[in-house]
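Step one of this worksheet: look at the structure below.
One-based numbering, in listed order, for ligands and for the atoms of each.
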Amino acid sequence: MWLEGPARPLLRTAGFRLALRSLALSLGGAALVFVIIHHAAESIWREQIDATVGGALTDILSDIQRNQQGLAQNVRDTMAEGGGLFYADIGPDGTLQAGNFSAPPAVLARWTGARTFRRREGLMLPPRVKAVRGIAHRFTDGDTLLIAENADPLLATNALIARSFVAVFGTILALGLLSGYLAARTESRRVDAIATTLREIMNGDLSRRVPVGPAGDEFDRLAAGLNAMLQRLQELMENLRQVTADIAHDLRSPLARLREHLELSRRRFTGPGLPQMFDEALAQIDQALDIFAAMLRIAEVEAGTRRSHFAPVSLSDLLEALAETYEPAFATAGIALTADIQAGLTLRGDKDLLQQMIANLLDNVMLHAAGASFATIRATRTGQRISLEIADDGPGIPPEQSTRVFQRFVRLDAARRHPGYGLGLSLAAAIAALHGGGIALRENRPGLTAVIFIDVSLES
Ligand SMILES: Nc1ncnc2c1ncn2[C@@H]1O[C@H](COP(=O)(O)OP(=O)(O)OP(=O)(O)O)[C@@H](O)[C@H]1O
Ligand SMILES: [Mg+2]
């Protein structure tokens with residue numbers, strides 16, 4: 001019945017999960033953009049290098065054809081002209097015939113078409129050059145001509161793109177997580193505010209409303225909807241209470257007059273059997289008047305007007321006194337009543353009503369716990385909550401009836417041979433709610449335990 005539930009971790013809120021989803025999308029988008037940039041930049045570099053080395057190869061091939069001086073001589077001549085390219089004439093045995101760099105046989109075997117190779121793969125290059133890109137041309141006599149260009153700018157561009165990617169990725173990740181955390185915290189706070197209000201409403205204060213913020217967002221719309229529903233509910237409840245109270249009130253006067261009339265008639269008329277008839281009629285009217293009195297009391301308590309009379313009450317003293325008062329009657333009924341009451345329990349409340357609530361529960365034990373031999377009153381405070389238990393080891397009630405017996409006029413079959421109207425628990429529940437608390441019946445195996453919680457942090 002109490003809307004509590006453990007605090008949910010922020011990471012499990014819908015807001016955080018939504019933020020994670022959009023974060024994943026942003027990261028995916030960023031990754032795609034970087035793949036495209038990387039691909040485009042690399043293509044531009046490659047095409048540029050490939051065109052240069054392709055041109056150099058055409059030049060050398062046409063020189064060879066023209067001057068017939070052989071590959072090695074032409075390579076030396078071309079290098080002498082400068083131009084910044086790397087050349088290598090490698091003989092069939094793998095030795096360098098002419099050139100300003102060289103590649104080991106393993107690289108040579110893989111070098112087909114335009115390729116990029118790094119120095120660490122065994123290339124002999126000037127110290128400042130880390131990688132080259134170029135082409136291999138194989139001659140029929142077994143020589144291989146390599147023409148390549150420094151590919152360091154290509155690697156540097158790739159490294160720059162990778163670093164930018166890491167920076168952008170990290171920033172999106174950090175900002176995404178932060179915004180997810182903030183969204184989750186805001187959402188949690190707003191849901192907590194709604195849950196707190198609903199708890200107070202369930203504790204009996206139907207006048208509470210869920211806070212509505214100025215933003216007009218989905219929470220505000222939900223809160224406004226809840227408030228409209230609560231308003232309607234409160235009106236209906238008040239209506240119902242009013243009607244019940246009016247009926248009880250309006251019927252009480254004619255009944256009281258009828259009672260007076262019967263009383264007078266009993267004195268005036270005598271005859272065989274008449275006094276007994278009058279007595280029975282009077283007893284029935286008294287019962288009806290008692291029921292109306294009890295219903296009006298419940299209506300009064302539920303209306304909450306008694307809250308204005310709240311004053312500090314020593315619950316411990318009240319319970320001790322009640323235990324002492326009831327003990328002889330319990331002993332006569334063969335039930336040993338014990339009390340285990342924490343000292344110094346106080347709360348703001350209506351002393352008479354609290355006494356009535358406990359008396360109703362003790363009366364129930366005496367009346368309904370047939371065959372019980374023990375009963376206990378226990379009261380403790382944990383944190384902001386006072387818990388009060390009245391337990392017996394009688395027959396108890398079936399667990400599925402434990403909520404129904406709080407409805408007005410509900411009495412279980414076993415109780416029918418005892419006097420009562422089925423209103424005692426309704427009144428007790430109304431009194432507990434008036435004090436910001438609740439009441440429940442639990443199995444005591446054997447017997448029944450009535451548990452009352454009063455949240456003293458809600459005291460006004
Ligand atoms: N300690 C108990 N052991 C077994 N049954 C119980 C106990 N307390 C309550 N009940 C059951 O719950 C029903 C409702 O209790 P409630 O106090 O509302 O009404 P009542 O005692 O029958 O009448 P009233 O209190 O109006 O004089 C009882 O009729 C009884 O069947
Ligand atoms: Mg009762």
Side-chain angles (χ1 to χ4, degrees), residues 1 204 244-245 247-248 251-252 255 283-302 319 322-323 325-327 329-340 352-379 387-434 437-453:
M1 289 290 261
T244 318
I247 293 174
L251 279 178
R252 220 151 61 130
L255 272 179
Q284 278 171 21
I285 288 180
D286 283 342
Q287 260 190 29
L289 284 169
D290 283 350
I291 291 177
F292 288 140
M295 281 171 65
L296 283 172
R297 188 126 222 230
I298 295 174
E300 185 198 6
V301 172
E302 285 183 341
L319 291 172
L322 276 167
T325 314
Y326 270 80
E327 204 270 331
F330 268 69
T332 313
I335 307 174
L337 178 65
T338 54
D340 178 6
D352 292 344
L353 288 179
L354 288 168
Q355 183 163 338
Q356 170 95 68
M357 171 177 78
I358 299 149
N360 282 7
L361 297 172
L362 290 169
D363 287 342
N364 278 356
V365 174
M366 286 229 286
L367 272 182
H368 308 303
S373 44
F374 292 103
T376 320
I377 306 177
R378 272 188 293 269
S387 109
L388 163 62
E389 293 183 4
I390 291 171
D392 66 63
D393 62 349
I397 59 172
E400 65 275 12
Q401 302 284 4
S402 60
T403 331
R404 203 172 76 88
V405 285
F406 285 102
Q407 290 171 12
R408 274 162 227 195
F409 303 112
V410 171
R411 311 186 75 213
L412 302 182
D413 285 342
R416 304 223 171 267
R417 54 204 153 90
H418 303 293
Y421 312 115
L423 290 172
L425 285 178
S426 307
L427 180 58
I431 295 173
L434 181 77
I439 180 168
L441 294 180
R442 291 191 189 142
E443 278 182 280
N444 192 29
R445 297 199 189 139
L448 191 72
T449 306
V451 191
I452 295 166
F453 288 116

Verdict with supporting geometry, Asp352 and Gln356, side-chain hydrogen bond (donor to acceptor under 3.5 Å, both in side chains) = CA-CA 6 Å; Asp352 292 344; Gln356 170 95 68; over 6 Å; no

To the nearest 0.5 angstrom, please state how far the CZ atom of Arg411 sits from the CG atom of Leu367.
-> 8.0 Å

Protein-derived N, O or S atoms lying under 2.8 Å from the Mg ion (ligand 2), waters excluded = 1

CA sep, side-chain torsions, deciding dist, call: Leu427, Met357, side chain to side chain contact (heavy atoms under 4.5 Å, CB included) = CA-CA 7 Å; Leu427 180 58; Met357 171 177 78; over 6 Å; no

N/O donor-acceptor pair under 3.5 Å between Asn444 side chain and Asp392 backbone | yes

Value rounded to 0.5 Å, distance of OH in Tyr326 from CD1 in Ile377 | 9.5 Å

In terms of side-chain heavy atoms, does Gln407 have a donor or acceptor partner in Arg404 at a distance below 3.5 Å?
-> no

Checking Ser373 side chain against Ile335 main chain: does a donor-acceptor pair fall under 3.5 Å?
-> no

Kindly give the heavy-atom pair with the smallest separation between Leu296 and Ala245, and that separation in Å.
-> CD2-O, 3.4 Å

At a 4.0 angstrom heavy-atom cut-off, ligand 1 is contacted by Asn364, His368, Asp392, Gly396, Ile397, Val405, Val410, Arg411, Leu412, Ala415, Gly420, Tyr421, Gly422, Leu423, Gly424, Leu425, Leu448

For the pair Leu388 and Ile358, evaluate side chain to side chain contact (heavy atoms under 4.5 Å, CB included) and give the outcome as yes or no after the intermediate values.
-> CA-CA 9 Å; Leu388 163 62; Ile358 299 149; 4.1 Å; yes

